[in-house]
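By convention here, the first residue in the shown sequence is residue 1. Just so it is clear, the values below take in all heavy atoms, side chains as well, and ignore hydrogens, waters and symmetry mates. None of these values were measured; they are calculated from a predicted model.
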Amino acid sequence: MTALPLEEIPRRVLKRAQYEAFEFELVGEQIRVRNASYVDPENHEYELTIAEGIPIQCTCPADARFDSPCKHRVAVAIRRPILDLVTEVQSKNTGETPRLRVGNSAEERH
């Protein structure tokens, strides 16, 4: 199961989230996503806000422009270990006990 409803995400966005060369970096309690598919990846770097294990906001123009999640949010949502890491960091910062998720789902195969 993913944190975003995949059936509501346009197919082209889901495909791009799966195959583009994304790099992920933990920055505080956010994730920085860099798209290394571009010649100038430093100009394709965005910050994602995660709340309760769900990527809720991205600083990219597409996230503000469209109703559905951007490819960066989807890319993080389908990579469960990244969300688990952010959730763990957020839990430590708030004093909550982090929850461990175990399993192998189809969206983790990329």
Side-chain angles (χ1 to χ4, degrees):
M1 186 166 140
T2 183
L4 294 175
L6 296 180
E7 63 278 356
E8 296 176 16
I9 298 168
R11 186 168 174 78
R12 89 182 146 70
V13 172
L14 182 57
K15 288 177 94 174
R16 291 182 74 185
Q18 293 171 334
Y19 74 75
E20 290 190 10
F22 291 112
E23 300 171 350
F24 306 93
E25 179 182 358
L26 182 63
V27 179
E29 292 186 7
Q30 295 187 321
I31 294 290
R32 179 176 297 140
V33 178
R34 176 183 271 209
N35 192 339
S37 298
Y38 290 93
V39 175
D40 55 345
E42 65 280 354
N43 292 324
H44 299 273
E45 188 174 278
Y46 306 101
E47 304 285 326
L48 269 73
T49 302
I50 311 294
E52 297 181 14
I54 300 171
I56 60 167
Q57 187 176 26
C58 180
T59 59
C60 78
D63 201 50
R65 188 171 166 199
F66 299 108
D67 290 333
S68 61
C70 68
K71 65 183 178 183
H72 311 102
R73 286 174 52 199
V74 175
V76 169
I78 63 176
R79 291 166 175 88
R80 193 77 234 175
I82 295 170
L83 286 176
D84 290 344
L85 175 63
V86 174
T87 301
E88 182 178 340
V89 167
Q90 290 173 340
S91 296
K92 286 181 181 179
N93 289 342
T94 62
E96 296 176 14
T97 304
R99 292 179 296 201
L100 177 63
R101 292 189 181 98
V102 179
N104 185 19
S105 59
E107 59 266 6
E108 291 177 330
R109 286 185 278 164
H110 184 90

Here the pair of heavy atoms bringing C58 nearest to Y46 is SG-CB, 3.7 Å

Could you walk me through whether V76 and V86 pass side chain to side chain contact (heavy atoms under 4.5 Å, CB included), step by step? CA-CA 11 Å; V76 169; V86 174; over 6 Å; no

Quick one: pull up CD in E25 and CD1 in I82 and give me the separation to the nearest 0.5 Å. 12.0 Å

In a table with atom names and distances, give each donor-acceptor pair under 3.5 Å that connects a side chain of residues 10-17 to protein atoms at least two apart or in another chain.
| residue | atom | partner | partner atom | Å |
| --- | --- | --- | --- | --- |
| R16 | NE | E20 | OE2 | 2.6 |
| R16 | NH2 | E20 | OE2 | 3.0 |

Listed by chain and number, what are the side chain to side chain donor-acceptor pair (under 3.5 Å) partners of E45, not counting sequence neighbours? R34

Which pair of non-hydrogen atoms, one from S68 and one from D63, has the smallest distance, and what is that distance? O-OD1, 4.5 Å

Heavy-atom distance under 4.5 Å between the side chains of R73 and L48, does that happen here? yes

Treating Ile, Leu, Val, Met, Phe, Trp and Tyr as nodes and any side-chain heavy-atom pair under 4.5 angstrom as an edge, say whether I54 and V74 lie in one connected cluster. yes

List the residues meeting salt bridge (charged side-chain N to carboxylate O under 4.0 Å, His left out) with E47, not counting sequence neighbours, and say none if there are none. R32

Could you pull out all residues at least two apart from N43 that satisfy side chain to side chain donor-acceptor pair (under 3.5 Å)? D40

Got a sec, which residues hit side chain to side chain donor-acceptor pair (under 3.5 Å) with T59, two or more places apart in sequence or on another chain? none

Measuring from atom CD of Q90 to atom CG of L85, what distance do you get when rounded to the nearest 0.5 angstrom? 10.0 Å

Please list, chain by chain and in numerical order, all residues satisfying side chain to side chain contact (heavy atoms under 4.5 Å, CB included) with A64, sequence neighbours excluded. none

Heavy-atom closest contact (P41 atom, N35 atom, distance): CB-O, 3.4 Å

Mutual orientation of the aromatic rings belonging to F22 and H72 [parallel < 30°, tilted 30-60°, perpendicular > 60°]: perpendicular

Could you please spell out the steps behind the side chain to side chain contact (heavy atoms under 4.5 Å, CB included) verdict for L26 and I31? CA-CA 5 Å; L26 182 63; I31 294 290; 4.1 Å; yes

Same cluster or not: I78 versus I56, using hydrophobic residues (I, L, V, M, F, W, Y) connected whenever any side-chain heavy atoms lie under 4.5 Å apart? yes

